[in-house]
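What follows is one structure encoded as structure tokens, with my remarks underneath.
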Amino acid sequence: MPAVVVRPSRAEDIDAIQAIYAHHVLHGLASFEEVPPDAAELAKRREAILAQGLPYLVAEIGGRVAGYAYASLYRTRSAYRYTLEDSVYVDDGCRGRGVGRALLTRLLAECERWGARQLVAVIGDSGNAGSIGLHAALGFTHAGLLPAVGFKHGRWVDSVLMQRPLGEGGRTLP
């Protein structure tokens, strides 16, 4: 089996990113969007992330994009400036092959290098054992549950909040 290779995303990855995200939007609960954005919209979102100096990564298996991950500002108010939020999406056909772990491991390192002290995961659906397990395996702890804050696919959906300190976390001043 070919290895998972994580690298910075490129503009030419957008079509693959859009296909992965569209699947999650249409069939899953990881995203609370209900209509998949087109490639042009995702390209704008990617550029906005990169313009802030934040990481936007893809994972490849055998030269094919198998997933992607990025960090965004957790909130825009200045007091949150050392806290980021992660997003990780894996191609449905590549689940269980270490793609999510490889992406999130690299994303953690990139966020720490950026200067973040906390990384927050906002996970759609309290039944999302894969994402909750991945985050827990990489040091995230449960920080809260927002019951029934979304309504998608004909049912109420929770958001699970998980958090992981980066570097010194909150032990020292920045």
Under the ring-ring contact (aromatic ring centres under 6.0 Å, His included) test, which residues partner Y74, sequence neighbours left out?
Y80

Determine whether L134 and L29 fall in the same hydrophobic cluster, where Ile, Leu, Val, Met, Phe, Trp and Tyr are linked whenever their side-chain heavy atoms lie under 4.5 Å apart.
no

How would you list all residue pairs meeting side chain to side chain donor-acceptor pair (under 3.5 Å) that involve residues 48-61, not counting sequence neighbours?
R7-E60

Evaluate the side-chain proximity of P55 to P8: yes if any heavy-atom separation is below 4.5 Å, no if none is.
no

Pairs satisfying ring pair (Phe, Tyr, Trp, His ring centres under 6.0 Å), at least one member in residues 84-128, at least two apart
Y21-Y89, H24-Y89, Y68-Y89

Minimum heavy-atom distance between L54 and S72, given as atom pair plus value:
CD1-CA, 3.9 Å

With sequence neighbours left out, which residue pairs that include part of residues 90-103 fulfil the salt bridge (charged side-chain N to carboxylate O under 4.0 Å, His left out) condition?
R64-D91, D92-R95

Check against side chain to side chain contact (heavy atoms under 4.5 Å, CB included), V58 and V6
CA-CA 6 Å; V58 297; V6 177; over 6 Å; no

ILVMFWY network linking V88 to L42, side-chain heavy atoms under 4.5 angstrom:
yes

Using 0.5 Å steps for rounding, measure from the OG atom of S126 to the CG atom of L146.
11.0 Å

Work out which heavy atom in P36 is nearest to a heavy atom in V25; give both atom names and the distance.
N-CG1, 3.6 Å

Atom CG in L104, atom OG in S87: separation rounded to 0.5 Å?
10.5 Å

If the condition is salt bridge (charged side-chain N to carboxylate O under 4.0 Å, His left out), which residues does E33 pass it with, not counting sequence neighbours?
R45

Would you say the side chain of L73 lies within less than 4.5 Å of the side chain of L84, judging by non-hydrogen atoms?
yes

Scan for salt bridge (charged side-chain N to carboxylate O under 4.0 Å, His left out) pairs involving residues 119-138, sequence neighbours excluded, and state none if there are none.
D125-R155

Measure from the side-chain N and O atoms of R81 to the backbone N and O of S78, and report whether any donor-acceptor pair falls under 3.5 Å.
yes

Going by salt bridge (charged side-chain N to carboxylate O under 4.0 Å, His left out), name the residues that satisfy it together with R113, two or more places apart in sequence or in a different chain.
E110

Under a single-linkage definition using a 4.5 Å side-chain heavy-atom cutoff for Ile, Leu, Val, Met, Phe, Trp and Tyr, are V157 and L161 assigned to the same hydrophobic cluster?
yes

Do the side chains of I20 and I61 join up, straight or via other hydrophobic residues, at under 4.5 Å, putting them in one cluster?
yes

Strictly by salt bridge (charged side-chain N to carboxylate O under 4.0 Å, His left out), give each pair with a member in residues 137-153 just once, sequence neighbours left out.
none

Grab the two heavy atoms, one from A59 and one from V4, that are nearest each other, plus how far apart they are.
CB-CG1, 3.9 Å

Please confirm whether the backbone N or O of S131 pairs with a side-chain atom of H135, one donor and one acceptor, at under 3.5 Å?
yes

Closest non-hydrogen atom pair between D13 and R10, with its separation:
OD2-N, 2.6 Å

Side-chain donor-acceptor pairs of residues 164-174 under 3.5 Å, sequence neighbours excluded:
from: R164; atom 1: NE; to: L138; atom 2: O; distance (Å): 2.6
from: T172; atom 1: OG1; to: R117; atom 2: NH1; distance (Å): 3.3
from: T172; atom 1: OG1; to: R117; atom 2: NH2; distance (Å): 3.4

Would you give the length of the straight line joining atom CD1 of I49 to atom CG of L57, rounded to the nearest 0.5 angstrom?
11.0 Å

Nearest 0.5 Å please: distance from the CG atom of L107 over to the CG atom of D86.
6.0 Å

Walk me through whether I132 and M162 qualify under side chain to side chain contact (heavy atoms under 4.5 Å, CB included).
CA-CA 8 Å; I132 293 168; M162 298 183 78; 4.1 Å; yes

Ring pair (Phe, Tyr, Trp, His ring centres under 6.0 Å) contacts in which one or both residues fall within residues 152-174, not counting sequence neighbours:
F151-W156

Nearest 0.5 angstrom please: L50 CG to Y70 OH, how far?
11.5 Å

A16: partners by side chain to side chain contact (heavy atoms under 4.5 Å, CB included), with sequence neighbours left out
V65

Check for a donor-acceptor pair, side chain of Q18 on one end and backbone N or O of P37 on the other, with a separation under 3.5 Å.
yes

Clusters formed by hydrophobic residues whose side-chain heavy atoms approach within less than 4.5 Å: which one holds Y82, and what are its other members?
none

Checking side chain to side chain contact (heavy atoms under 4.5 Å, CB included) for the pair T83/V120: CA distance, chi angles, key distance, verdict?
CA-CA 7 Å; T83 302; V120 173; 3.7 Å; yes

Distance-minimising heavy-atom pair for I14 and A39
CG2-O, 3.3 Å

Measure from the side-chain N and O atoms of R46 to the backbone N and O of S9, and report whether any donor-acceptor pair falls under 3.5 Å.
yes

